[in-house]
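Structure record follows, encoded as structure tokens.
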2 protein chains.
Amino acid sequence: MRVEIWSDIACPWCYIGKARFEAGLAAFAHRDGVEVVHRSFELDPKAPAATDIPVLDMLATKYGVSRAQAEEMEARVAAAAADEGLGYRSDRIHGNTFDLHRLLHLGKEHGVQDALLDAFYRANFAEARTLGDPAVLSEIAVAAGLPADEVARVLADPDAYAQEVRADEREAAELGATGVPFFVIDRRYGISGGQPAEVFRQALERAHADGAVQLLPTGDAEVCGDDGCAVPGK
Amino acid sequence: MRVEIWSDIACPWCYIGKARFEAGLAAFAHRDGVEVVHRSFELDPKAPAATDIPVLDMLATKYGVSRAQAEEMEARVAAAAADEGLGYRSDRIHGNTFDLHRLLHLGKEHGVQDALLDAFYRANFAEARTLGDPAVLSEIAVAAGLPADEVARVLADPDAYAQEVRADEREAAELGATGVPFFVIDRRYGISGGQPAEVFRQALERAHADGAVQLLPTGDAEVCGDDGCAVPGK
């Protein structure tokens, strides 16, 4: 079974939803047969590559609320994060995540995609690190297991893995995702949002019980198998 | 939309089913958005790499029938092939298809997989060529667009694309295929056997109408989208 998860490092409910999904997966009896793939989704592709925009300012502007109201909104998210044992700081920076997604594709090739995504989430939400700084990105990526020279190459070349990021985003739209996190099991079932762990567990159970593929009801037709090539009705 | 077709070059209903599927696809309004991938399935993995076993002898032995009865069975298949405009000779050779599947994986990398499969089917069923002869295989593969040196390399190395063939076969079993041809639309719908064209067209219509992914009914959950990060009920 394969679960694809579209998410953005700047998305709080992706951060929290990942923990909830993993709790649901841990409670799923056939978890060893589940492959998880992370897909790119930029919530704000036009976000500046800046390193000095506080998230609280961005939120106040975006929603047209006061800074105090933005802090209240953030406090509710922080409480949900705490429920999953996750740190959450509202003094973090708002910025562009394209380079992070490109590095996650490099991480996929090296088999450390999941660890790198966790590290990015932690750096952003729990540690409020400046992910718009290439030196910070590089340090995190290398600590997660990526070769320093390849990280430098990807960060220096804006085209590296750019097509892969765009392809993921196109696919999200084609699959009907309007927001993230968006979970897709075997290209068959979609689950939108940071659902409770039990919702994920049940979805995994359902997909497992159904089998990966639903055999369409058709009339008998000629098929060749171990017993030879049967001709129906003959 | 992606259709995967598990089949074997030695399987008459795969040969005929491919033509029926293509007729169904041609009648499907959104055919331009359909990608077709051919997957390996050996009906008789233990078949000898021989070049001198007539199919009619193999059938008579397999089913415990006389050669005349085997000829009658083959005549019925030949009639079905003729209905699709396909040649069909019963004086063809029975043999192992592992090398053919390995070459089809090479063909996939070069974007000529479908043409190569057609060429193998034609050589086997319409022309009764000796596919157990590497020189014959090579000639067909090169004519279908593969570089001669790569074909020679694959034929000389029995490990080349062997894992890919085995992986396809494992996957067929996991997806519930018990025989071929086996058609899978978007890893969601399975269709077994050489069904009439109209069955394929309807299955494509159904998959298209449903969208690629079925959104599971869940409670509202937090999701981040263009409008920001919504918290349900707040």
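In this text, all values refer to a predicted model and were calculated from it rather than measured experimentally.
Heavy-atom distances place no part of B:F183 under 4.5 Å from chain A, backbone and side chain included. Proximity to chain A is limited to the side chain of B:V184, based on heavy atoms less than 4.5 angstrom apart. Interface remark: B:T178 contributes backbone atoms only to the contact with chain A (heavy atom separation under 4.5 Å).
Note that the CZ atom of A:F41 and the SG atom of B:C224 stand 9.5 Å from one another [nearest 0.5 Å].
Comparing A:A80, A:G179, A:G176 by heavy-atom pairs within less than 4.5 Å of chain B, the highest count is held by A:G179. Here A:G190 is the residue among A:G17, A:A203, A:G190 with the most heavy-atom pairs under 4.5 Å with chain B.
Looking at every heavy atom in both residues, A:V223 comes nearest to B:S192 through CG2-OG, 4.0 Å.
Annotation for B:Q163: atom CD does not count as buried by contact number, only 12 or fewer foreign heavy atoms lying within 6.0 Å.
Comment: B:E222 does not engage A:R76 in a salt bridge, judged by the lack of any side-chain N to carboxylate O separation of less than 4.0 angstrom.
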